[in-house]
Asks: 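The structure is given below, and queries will be raised subsequently.
The basis for the numbers below is simple: all heavy atoms, side chains too, and nothing from hydrogens, waters or symmetry mates. Computed from a predicted model, the values in this text were never measured in an experiment.
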Amino acid sequence: MSDEEGHARRWAILVALCAALLVIVIDNTVLHVAVPAIGDAFGASTGQLQAVIDAYVVVFAGLLITAGVLSDRYGRRRTVVVGLLVFGVASALAAAAPSVGWLIAMRALMGVGGALVMPATLAVLVAVFPERERPRAFAVWSAVASVGMAAGPLLGGALVDAWSWAGVFLINVPVVAVALVGIVRLVPETRTGHGRGPDLPGTALVTAGMTGLVWALIEAPAQGYASPVVLTGALVAVAALVAFGVRQARSPVPMVDLRLYRDRRFSGASFAVAVMTVATGSTLFILSQHLQLVLGYGAFETGLAAVPLAAGVVAGSAVGGRAPARFGARACIVAGFAVTAGGFAVLALLPESGGYGAVCAGLALAGVGSGVAGPSATSTVLGAVPPERAGMGSALNDTHQQLGIALGVAGLGGLLATAYRGALPDGMPGHAVSSLGATLSYAKDRAGGNALAESARTAFVDAQSLTMTLGAAVALAGAAVAYLALPGRADRTGRAAVSASGEESYVGRGEA
């Protein structure tokens with residue numbers, strides 16, 4: 001198999017990898033609509049229900065870099081198979097959970113399985129697809145991920161209505177089984193040719209650092225940025241990541257080659273990936289409240305209302321997979337961000353009593369922009385990484401995405417909460433101003449409650465407008481950074497140079 005031709009069965013391999021990706025991505029969103037049923041089944045507190053959600057995300061994000069390094073060392077197909085087995089077994093055990101504590105533990109174990117699968121799928125695509133076809137492969141990969149995220153609430157709502165909360169976990173088992181068959185039959189084994197052994201102290205440091213960082217970002221909007229929980233997570237993250245960086249800089253065979261960030265292709269495209277998810281990752285988090293509490297949609301209707309975002313990504317990916325060959329990666333990323341900014345501008349103008357049309361248009365534009373920019377950004381990131389470290393590079397790409405999502409929820413969600421509280425009438429108790437839902441519950445059955453509810457909805461729409469405006473500004477900032485940092489179509493100076501020992505060094509724009 002040559003890099004010019006690729007693997008003979010590469011498109012079938014892509015299908016198998018997308019099946020593995022789909023079950024991992026769906027689990028990020030499928031559980032949200034089942035939370036009320038889980039609370040009723042176990043008598044769980046709000047904090048326990050938040051832990052059920054966060055346990056998966058925090059462990060998943062914390063282990064991505066370690067999982068990518070393990071896939072390079074021990075084999076990408078093997079890592080995907082082990083990850084799927086862990087994910088499937090944990091899903092079955094979660095469905096049979098006798099307590100909420102057990103459910104939280106199984107969700108964390110599912111995060112371990114998801115982390116093993118995610119970076120290895122991209123690393124395999126790098127190995128089996130020639131460079132000219134990788135944007136198309138990444139476009140399909142991105143489209144499947146977006147469809148999975150949008151399908152999660154729909155699938156979750158249908159399963160809870162037809163069965164019970166356990167259905168959102170049991171549905172994973174047959175999907176995992178199908179994916180395993182495809183992976184074992186179709187995907188070739190690839191691994192690094194170098195004898196790097198596991199760096200246990202480095203693994204512990206990066207896992208602790210990423211876990212603390214993501215935990216702090218997730219908890220900040222609810223707990224407060226100065227709360228002990230958030231400050232502890234942030235301090236652990238800073239201490240562990242600084243120690244990890246020092247260790248990597250001194251190691252002759254580091255887990256993460258920090259020299260990558262001196263390559264403007266890698267750092268610029270990585271920034272673009274993170275910024276893209278800062279904006280889009282918080283969209284559904286914010287709009288779900290608008291749809292349910294302002295427009296009066298149900299849970300299943302809210303999931304259905306998110307379909308234009310996924311449809312936009314699919315449509316944009318069809319363009320984003322082919323356009324780089326004609327216009328270059330930088331032009332596609334800049335154009336995609338500009339379209340995404342337009343979508344957020346539409347969402348910033350949503351009226352309180354308006355219908356669904358403007359929501360649909362804004363989500364569709366945001367999706368199209370992400371679909372156009374995503375394949376080029378991913379191709380640029382992984383194109384700057386030596387093929388032998390594809391697992392590590394894929395893990396860094398996924399980590400940038402997860403951090404962007406967490407930053408979006410924490411930053412934009414925090415801005416939404418602050419602006420909302422500031423617009424409410426004075427004298428309300430603290431528990432009644434924490435969210436629109438809390439205010440509506442407080443206003444119910446009170447004298448003047450209807451007027452207070454309308455005032456709260458107006459305050460939320462105004463706060464949402466401010467937040468979406470900032471989302472548009474973030475997208476435009478991403479476009480500006482991509483334009484300034486990434487090489488143009490005719491600039492081919494970013495390249496990998498292979499030394500006599502077989503190690504790849506980095507020679508590119510911005511290299512010191």
Side-chain angles (χ1 to χ4, degrees), residues 13 16-17 20-21 23-25 27 56-90 108-128 141 176 179-180 183-184 187-214 240-241 243-245 247-248 251-258 260 270 378 381-382 385-403 503-504:
I13 291 170
L17 293 172
L21 172 70
V23 69
I24 302 302
V25 172
D27 212 73
Y56 178 84
V57 179
V58 170
V59 173
F60 176 82
L63 289 176
L64 277 172
I65 294 176
T66 299
V69 173
L70 290 175
S71 73
D72 285 336
R73 177 70 178 92
Y74 297 106
R76 285 94 186 223
R77 182 179 70 173
R78 179 177 298 171
T79 304
V80 172
V81 169
V82 172
L84 286 173
L85 287 173
V86 170
F87 191 90
V89 170
L109 187 58
M110 291 168 67
V112 174
L116 290 171
V117 171
M118 195 75 164
T121 58
L122 276 177
V124 172
L125 293 183
V126 172
V128 302
W141 188 91
V176 164
L180 277 171
I183 296 296
V184 172
V187 176
E189 186 60 281
T190 61
R191 62 169 63 88
T192 178
H194 295 264
R196 293 181 174 89
D199 177 6
L200 296 181
T203 297
L205 287 171
V206 72
T207 302
M210 292 303 305
T211 300
L213 179 58
V214 174
L241 291 176
F244 176 75
R247 183 177 180 84
Q248 299 311 293
S251 174
V253 282
M255 287 178 62
V256 175
D257 193 339
L258 299 178
L260 282 170
S270 294
T378 301
V381 169
L382 296 182
V385 179
E388 66 170 31
R389 306 304 307 277
M392 179 269 293
S394 302
L396 288 175
N397 182 74
D398 295 334
T399 299
H400 299 148
Q401 288 183 324
Q402 292 299 315
L403 287 177
E503 286 284 342
E504 294 196 32

Asks: Please find the pair of heavy atoms, one from Gly393 and one from Leu382, that lie closest to each other, and give the distance.
Replies: C-CD2, 3.6 Å
Asks: Between atom CG of Leu63 and atom CG of Leu116, what is the distance when rounded to the nearest 0.5 Å?
Replies: 7.5 Å
Asks: State whether the side chain of Arg77 and the backbone N or O of Val187 hold a donor-acceptor pair below 3.5 Å, judged by distance alone.
Replies: yes
Asks: Can you name the side chain to side chain donor-acceptor pair (under 3.5 Å) partners of Arg78, sequence neighbours left out?
Replies: none
Asks: So, taking the atom named CD in Gln401 and the one named CG in Leu396, what distance separates them when rounded to the nearest 0.5 Å?
Replies: 11.5 Å
Asks: Please identify each residue that fulfils side chain to side chain contact (heavy atoms under 4.5 Å, CB included) with Ala395, with sequence neighbours left out.
Replies: Pro119
Asks: So, for Pro188 and Val128, which heavy atoms are closest and what is the spacing to 0.1 Å?
Replies: CG-CG1, 3.9 Å
Asks: Residues two or more places apart in sequence or in another chain: which of them pass ring pair (Phe, Tyr, Trp, His ring centres under 6.0 Å) with Phe87?
Replies: none
Asks: If only atom types and distance count, is the side chain of Ser394 paired as donor or acceptor with the main-chain N or O of Ala123 below 3.5 Å?
Replies: yes
Asks: Considering only heavy atoms from C-beta outward, does the side chain of Phe244 approach that of Val256 to under 4.5 Å?
Replies: yes
Asks: Any side-chain heavy-atom pair from Leu241 and Leu205 closer than 4.5 angstrom?
Replies: no
Asks: Residues two or more places apart in sequence or in another chain: which of them pass side chain to side chain contact (heavy atoms under 4.5 Å, CB included) with Thr211?
Replies: Val58, Thr207
Asks: How long is the straight-line distance from CD1 of Ile24 back to CE of Met110, given to the nearest 0.5 Å?
Replies: 8.0 Å
Asks: Which heavy-atom pair separates Thr79 from Ser71 by the least distance, and what is that distance?
Replies: OG1-CA, 3.3 Å
Asks: Show, in sequence, the C-alpha distance, side-chain angles and deciding distance for Ile183 and Leu84, and conclude whether the side-chain contact (heavy atoms from CB on, under 4.5 Å) test is met.
Replies: CA-CA 10 Å; Ile183 296 296; Leu84 286 173; 4.2 Å; yes
Asks: Quick one: side chain to side chain contact (heavy atoms under 4.5 Å, CB included) partners of Ser270, sequence neighbours excluded?
Replies: Phe266, Val381, His400
Asks: I need the Phe60 CZ to Thr399 OG1 distance, nearest 0.5 Å.
Replies: 8.5 Å
Asks: Test of understanding: with side chain to side chain contact (heavy atoms under 4.5 Å, CB included), list the residues that count as partners of Ala108, not counting sequence neighbours.
Replies: Ala55, Val59
Asks: Of all heavy-atom pairs between Thr190 and Ala127, which one has the smallest distance, and what is that distance?
Replies: CG2-CB, 3.8 Å
Asks: Where is the tightest heavy-atom contact between Asp398 and Met118, given as atom of each residue plus distance?
Replies: OD2-CG, 3.4 Å
Asks: Enter the distance from Leu200:CG to Thr66:OG1 here, rounded to the nearest 0.5 Å.
Replies: 10.0 Å
Asks: Any side-chain heavy atom of Trp141 sitting closer than 4.5 Å to one from Leu17?
Replies: no
Asks: Taking the side chain from Gln248 and the backbone from Met255, do they hold a donor-acceptor pair closer than 3.5 Å?
Replies: yes
Asks: Could you report the tightest heavy-atom contact between Gly202 and Arg247, atom names first, then the distance?
Replies: N-NE, 3.7 Å
Asks: With rounding to the nearest 0.5 Å, note down the distance linking CG in Leu125 to CG in Leu122.
Replies: 6.0 Å
